[in-house]
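Chain A is the first sequence line, chain B the second, and so forth, proteins listed ahead of strands; every chain is numbered from 1.
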2 protein chains.
Amino acid sequence: MEDGTAERIRPRDRILETARDMFHKHGIKGVGVDAITEAAGTNKMTLYRHFESKDDLVIECLRATACSANAMWQKFEAEHPGDKLAQLHAWVRMAADCLMMDGRGCDMANAAIELSETDHPARRVIKELKQAQRDRLVGLCRDAGIGQAELLADTLSLLLEGARVSLQSVGAEGPSAQFVRMAEGLITSFKAR
Amino acid sequence: MEDGTAERIRPRDRILETARDMFHKHGIKGVGVDAITEAAGTNKMTLYRHFESKDDLVIECLRATACSANAMWQKFEAEHPGDKLAQLHAWVRMAADCLMMDGRGCDMANAAIELSETDHPARRVIKELKQAQRDRLVGLCRDAGIGQAELLADTLSLLLEGARVSLQSVGAEGPSAQFVRMAEGLITSFKAR
DNA sequence: TCTAGAAGTTACAGACCGGTAACACCCTAG
DNA sequence: CTAGGGTGTTACCGGTCTGTAACTTCTAGA
């Protein structure tokens, strides 16, 4: 019989979830597999039975993160069905909320910075997933009736990416505090064209 | 007698220069002190005679980077004496050139991401230096006669920061390719207000 | 109840890390 | 010529890292 207790999740999922959290907080090179398995209430052997290597675990974590992001987009559509412009504003709001709540940027960008080896297996995945997110934002801008949809989407992307990294270097009182104002101003000016 | 041969630079400077280059390329946690000293043509003992610790070396590298950045600003003033608007455009051009030539972002931002421990000694330095750069850009925008100088400067900051990290995750064909267009467009629209 | 597979445990290999000690060397200022 | 400081060399310390082997324990399903 399945009992739904949180304690009884499969070790693989516990490891994945714990690793995501720890990689996010301390960076990939900042946390070892021993620490992950201990925090997940299991052991190293079990980790290596489910994942080929630490790199493999990292990649699975990034995929899981991308999957969570997808859920966000579905929420936008559910909350503002058909209203693409409202969804774009919801995206800005969500981004700002993440900025204020979290403080430690985008897992994929952080991973790309940390894993500087150009042939690292995770880099391919990061590029794919980031490209997909970009395409999605471009599509949203286009469907919202913005003329230069690509340019607006790319500008918003860079602003958000910049805000996330600026938050970690300059702090919360730095330029990232103005993110919403910038983003909303941009959307307004692009609508006017 | 001093002979000016490049070979005869002091070990301390050789270490500092080599460390800057290697930290930049491979990240701080991605390179050990042994590798640095070997590449600098010296040894670990000499490094620890000149720097208290690896963290201390990191901090000195960041200060050196900030110093190089200062030199840029003096070049702007020298090339366009008094013409603040031209200096702002020169800043954009310089930023774009760095983006295309380099590929591996801002040392301070990268360090802030890598050194996630909130009490890491380098974080204070990073915040100070980044804040100084921000103030400088705000001052330039204000002197150039821009009305909302802070907002323009912060927006440009985030755009550049975002472009540098996006370059590492999505690649050169990603949003960062449009950086100049975005920045110039922003300056134009802020002038018109 | 029995069994097969999943999970836990312990120990270990081999490499690398930051940092230090002891000692030999060289080069320059006096 | 000589003394001393900067430098090079070698060896080492204790710790941490990823990854593996061998063995025991647990648990779910027939």
Would you list the protein and nucleotides 3-7 of chain D atom pairs, both N or O, that sit under 3.5 Å from each other?
unit_1, atom_1, unit_2, atom_2, d
D:dT7, OP2, B:His50, NE2, 2.9

- Task: Could you identify which residues of residues 16-38 of chain A place a heavy atom less than 4.0 Å from some atom of DNA chain D, listed by residue number, or say none?
- Result: A:Val31, A:Gly32, A:Val33, A:Asp34
- Query: Looking at D:dA22, D:dT9, C:dG19, which one has an atom nearest to any side-chain atom of A:Met45?
  - Reply: D:dA22
- State which residues pass side chain to side chain contact (heavy atoms under 4.5 Å, CB included) with B:Asp55; sequence neighbours excluded, sorted by chain then number. B:Ser53, B:His120, B:Pro121
- Task: Assess the side chains of A:Asp83 and A:Gln87: does a donor N or O sit below 3.5 Å from an acceptor N or O?
- Result: no
- Nucleotide D:dT18, atom C1' - distance to NE2 of A:His120 in whole Å: 13 Å
- In whole angstroms, how far is the C1' atom of D:dC13 from the NZ atom of B:Lys44? 10 Å
- Task: Report the distance from atom CG of B:Asp55 to atom P of C:dC17, rounded to the nearest whole Å.
- Result: 15 Å
- Message: Between B:Arg12 and B:Glu17, does any NZ, NE, NH1 or NH2 come within less than 4.0 Å of an OD or OE carboxylate oxygen?
- Response: no
- Message: Check this for me, if you would: do B:Arg142 and B:Glu150 make a salt bridge, where the nitrogen-to-carboxylate-oxygen distance has to be below 4.0 angstrom?
- Response: yes
- Query: What's the closest nucleotide to the B:Lys54 side chain, out of D:dT9, C:dG18, C:dT9?
  - Reply: C:dG18
- Item | Between P of C:dT20 and CG of B:Leu47, the distance in whole Å | 11 Å
- Query: Just how far, in rounded Å, is P of D:dT18 from CD1 of A:Ile15?
  - Reply: 14 Å
- Can a donor-acceptor pair be found between the side chains of A:Glu117 and B:His26 at a distance below 3.5 Å? no
- Have B:Asn70 and B:Gln74 got a donor and an acceptor in their side chains that come within less than 3.5 Å? no
- Message: Please check if the number of heavy atoms outside B:Glu79 that lie under 6.0 Å from its CD is greater than 12.
- Response: yes
- Message: Regarding A:Asp21 and A:Lys25, does a basic nitrogen lie under 4.0 Å from an acidic carboxylate oxygen?
- Response: yes
- Query: Do B:His24 and B:Asn110 have side-chain N/O donor and acceptor atoms under 3.5 Å apart?
  - Reply: no
- Task: Give the rounded distance in Å between these two atoms: CG of B:Asp56 and C1' of C:dG19.
- Result: 14 Å
